[in-house]
Amino acid sequence: MKEYSIDTKCIQSGYTPGNGEPRQIPIIQSTTFKYDTSEEMGKLFDLEASGYFYSRLQNPTCDNVAARICDLEGGTAAMLTSSGQAANLFAIFNIASCGDHVIASSGIYGGTFNLFNVTMRKMGIDFTFVSPDCTDEELEKAIKPNTKAIFGETIANPALMIFDIERVANFAHAHGVPLIIDNTFATPVNCRPIEWGADIVTHSTTKYMDGHASCVGGCIVDSGKFDWNKYADKFPGLTTPDDSYHGITYTERFGLEGAFITKATAQLMRDFGSSQSPFSAYLLNLGLESLPLRMKKHCENAQKVAEFLNTNDKIEWVNYCSLPGNKYFDLAKKYLPNGSCGVVSFGVKGGRAAAEKFMKNLKLASIETHVADSKTCCLHPASATHRQMTDEELISCGISADLIRFSCGLESADDIIDDIKQALEA
Ligand SMILES: *Cc1c(COP(=O)(O)O)cnc(C)c1O
């Protein structure tokens, strides 16, 4: 059978009701599930049978929505998490622990940077941050015998650098480590990192996938392609018996296609409990159904806003990857041929002070730490999300002191541009 297009998958994947069953994915708002005998329940605890017993680990609503995202990304298994932060924590911690090392792009989202650079260092995991534009030679210098993964974002938030997924995946595989890609800004509608060689894909579903600023959430998708057994010494958590599950070996029992997500669910969800609520998963799913339509409009609006800014003499610079002359134009053409995202960054002439004044004068666009939903919003990272950083640290993650992150919503492009115009003139 011919594979459905992404537009169809956003509506149909992950849930097929049987005769007389609910058409929409039902909300199974139950913490727990009932069994007739202790033997039956025991089998679930030993991972000998599959089924639900407690929603901290798995819930049918969440699983249906995860299955939909899994299909969108072209993976073999997926799980929802309570937030994008939990997704990235679990994706790394599932394969790296105390004494291990991870290479990450320095251009990543500020929250992920703190998670890695502060909190996960306290867990004993060492990180080397490299420029998202770094060469293979620079990666060669960064990689160590205890490196367990390389991590980057398809489109970096907020500096909007485009990650060369295919090249870095080839490098990672030549060194026996998986590539983990946070695909939040592109969404699977605009880029599917697994098709370019990424092994694990993560999302903050809080952004475009939910799309209506209603629920914080995350997702991890496994491609099922990374051969953990080939590098068994490096990934003992997947390839040797887990004493907390009666000595089962995840790769043996669940194959390459299921080992990573089963371990993350059975161990990390069990112990850290960062599960998504079924109600949040239901709302996320409503967002997924209109994702292709919305991404198209977000990208159209951003393109128009970027083109307007590009020709305005009060603007110092504009960064949007599909503007001709943009540093990432060619990479964007390769990885994001149908559009990138609705976020544009730019600097107003007059630097930091001018940025703050401009934002105060906006009427339609609101000032929010959030991005990537139906309402146009903006943020000055240097005075908000990144205010703890020095100007030098800001530069190293691709953020200048005057950078305004402008997230184009789904309103009329003319209204968004008129708002920018009046704020620049004020
Ligand atoms: C927002 C964001 C996160 C964190 O997600 P939360 O859902 O806020 O926890 C991670 N990565 C990227 C690229 C993001 O934009």
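Order of listing sets the numbers, starting from 1, for every ligand and every atom in it. It should be emphasised that the depicted structure is a prediction, and the values quoted were computed from it without experimental measurement.
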| Pair R121-N117, side-chain donor/acceptor within less than 3.5 Å | yes
| query | Is it true that the side chains of Y282 and N64 contain a donor and an acceptor less than 3.5 Å apart? | reply | no
| Partners passing side chain to side chain contact (heavy atoms under 4.5 Å, CB included) against K363 (at least two apart in sequence or in another chain) | D419, Q422
| query | Parallel, tilted or perpendicular: which describes the rings of F226 and H173, with under 30° parallel and over 60° perpendicular? | reply | tilted
| request: May I ask you to check whether S366 and E368 show a side-chain donor-acceptor distance below 3.5 Å? | output: yes
| Per-ligand residue contacts, ligand 1, heavy-atom threshold under 4.0 Å | S83, G84, Q85, N88, Y109, T112, E153, N157, D182, T184, F185, S204, T206, K207, V216, G217
| task | Give the intermediate values and the outcome of ring-ring contact (aromatic ring centres under 6.0 Å, His included) for residues F406 and F358. | result | CA-CA 12 Å; F406 196 88; F358 163 77; 7.3 Å; no
